[in-house]
Student: 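Before I ask anything, let me first share the structure, which is written out below as structure tokens.
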Amino acid sequence: MRRPMAGIAAGVMALAHVLTTATATSAAPAPQRAAAPAGYDATRCGNTSSRVLLTFDDWPYADPDRATRTGAYLHARKIRAAFFLIGEYAGGRPDIVTTLREQGHWVANHSFSHPRLPALSDDEVRMEISSGVRSNMLRPPYGAFGAREESEAAALGYRICTWTVDTLDWEQPDGAYRSVASIRSIVRNAPVEDKYGGVVLGHLDYNFPDAVPGIIDDLEKDGYQLCRNNGPVSVNAPLPLDCG
Ligand SMILES: [Zn+2]
């Protein structure tokens with residue numbers, strides 16, 4: 001609570017506040033990593049900014065509109081996320097893809113039916129990618145890819161995008177999917193290197209969407225910034241990603 005002050009007293013207090021803030025800032029520097037990796041870094045999806053990108057995989061099977069509700073929440077907090085949707089479900093709900101992009105989120109390819117791409121033939125790999133959500137980023141299911149998948153994806157106009165922080169929200173440590181509190185603590189305790197300019201992975205059909213408000217609060221409290229949402233996006237993301 002601030003009380004109104006007049007004249008010199010207010011000026012002195014304002015200066016004191018500036019000095020205090022400057023001291024506090026130099027005493028507790030914002031988290032950072034030494035240098036952004038050179039070239040395109042698949043684990044950071046080319047994100048060379050210092051900002052954290054939240055990403056949502058798969059599909060919210062029981063409640064498809066959970067995707068756009070999550071998108072609306074992030075939009076309200078002025079945060080841009082990326083959604084890697086499974087093609088066979090997203091294809092049946094093009095309105096969800098459109099709405100997410102209007103909300104300012106990148107929507108990209110996570111294959112058509114979520115197989116392990118390295119186990120497939122060349123033709124099958126191409127089919128899985130080309131029947132998925134049209135974009136220019138591909139997140140291979142399970143993060144499983146090698147040189148062949150990378151080059152097949154490139155031939156179809158895609159860069160590979162994985163992650164630096166895995167929330168492990170799909171695990172069932174106590175016979176149930178990992179709780180909101182546990183997901184939140186995994187992100188809170190992840191190494192600075194992995195968060196600063198990093199990519200956080202969670203899924204639409206587990207507890208990650210419900211953990212997101214707390215994850216954002218924790219990141220901001222620790223001095224991180226999130227990928228900035230500055231309006232609707234098109235089919236292709238700018239690569240390297242533009243999070244500023
Ligand atoms: Zn997946």
Side-chain angles (χ1 to χ4, degrees), residues 41-47 52-71 74 80-94 96-97 100-101 105-120 124-146 148-150 152-154 156 158-173 176-180 182-183 186-187 190 194 198-212 215 227 235 237 241:
D41 177 356
T43 66
R44 294 177 193 271
C45 312
N47 177 14
V52 183
L53 176 66
L54 301 178
T55 66
F56 299 80
D57 279 14
D58 297 354
W59 188 256
Y61 304 101
D63 178 13
D65 296 316
R66 191 184 197 192
T68 46
R69 282 201 310 278
T70 302
L74 293 163
R80 169 168 292 155
F83 291 77
F84 294 90
L85 304 180
I86 297 175
E88 64 179 314
Y89 299 97
R93 289 295 305 270
I96 288 181
V97 175
L100 287 170
R101 287 176 174 153
H105 307 300
W106 292 309
V107 184
N109 196 314
H110 194 40
S111 83
F112 178 73
S113 67
H114 210 270
R116 285 184 179 274
L117 298 180
L120 304 183
E124 288 168 334
V125 169
R126 285 191 285 270
M127 187 63 80
E128 280 290 336
I129 299 171
S130 58
S131 304
V133 173
R134 180 63 212 163
S135 180
N136 60 346
M137 285 193 291
L138 170 70
R139 175 166 282 169
Y142 314 99
F145 74 100
R148 178 191 65 151
E149 290 69 36
E150 203 165 14
E152 293 290 0
L156 293 167
Y158 289 87
R159 302 301 294 264
I160 302 284
C161 166
T162 57
W163 56 83
T164 56
V165 178
D166 186 349
T167 62
L168 304 175
D169 58 341
W170 48 270
E171 287 185 342
Q172 301 184 42
Y177 287 118
R178 189 176 291 284
S179 68
V180 162
S182 173
I183 292 170
I186 282 180
V187 178
D194 294 346
V199 177
V200 176
L201 161 70
H203 296 82
L204 284 165
D205 49 342
Y206 307 126
N207 291 316
F208 180 62
D210 293 338
V212 157
I215 289 171
C227 198
V235 168
L241 292 182

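All ligand and atom numbering here is 1-based and tracks the order in the structure.
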Student: Relative to each other, are the rings of F56 and F208 parallel, tilted or perpendicular (30° and 60° limits)?
Tutor: tilted
Student: Identify the residue among T162, D57, N109 that makes a side chain to side chain donor-acceptor pair (under 3.5 Å) with R139.
Tutor: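 The option that passes is D57.
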Student: Among the N, O or S atoms of D58, which one sits nearest to the Zn ion (ligand 1)?
Tutor: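 Checking each N, O and S atom of D58, the shortest distance to the Zn ion (ligand 1) belongs to OD1.
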Student: Under a 4.0 Å threshold between the charged nitrogen and the carboxylate oxygen, would R93 count as salt-bridged to D65?
Tutor: yes
Student: Evaluate the ring planes of Y177 and Y206, with Trp represented by its six-membered ring, and classify them as parallel (under 30°), tilted (30 to 60°) or perpendicular (over 60°).
Tutor: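 Geometry flag for Y206 against Y177: tilted rings.
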Student: Under 2.8 Å from the Zn ion (ligand 1), can any N, O or S atom of D57 be found?
Tutor: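 Short answer: no, not a single N, O or S atom is under the cut-off.
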Student: Has H114 got an N/O/S atom less than 2.8 Å from the Zn ion (ligand 1)?
Tutor: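 Coordinating: yes.
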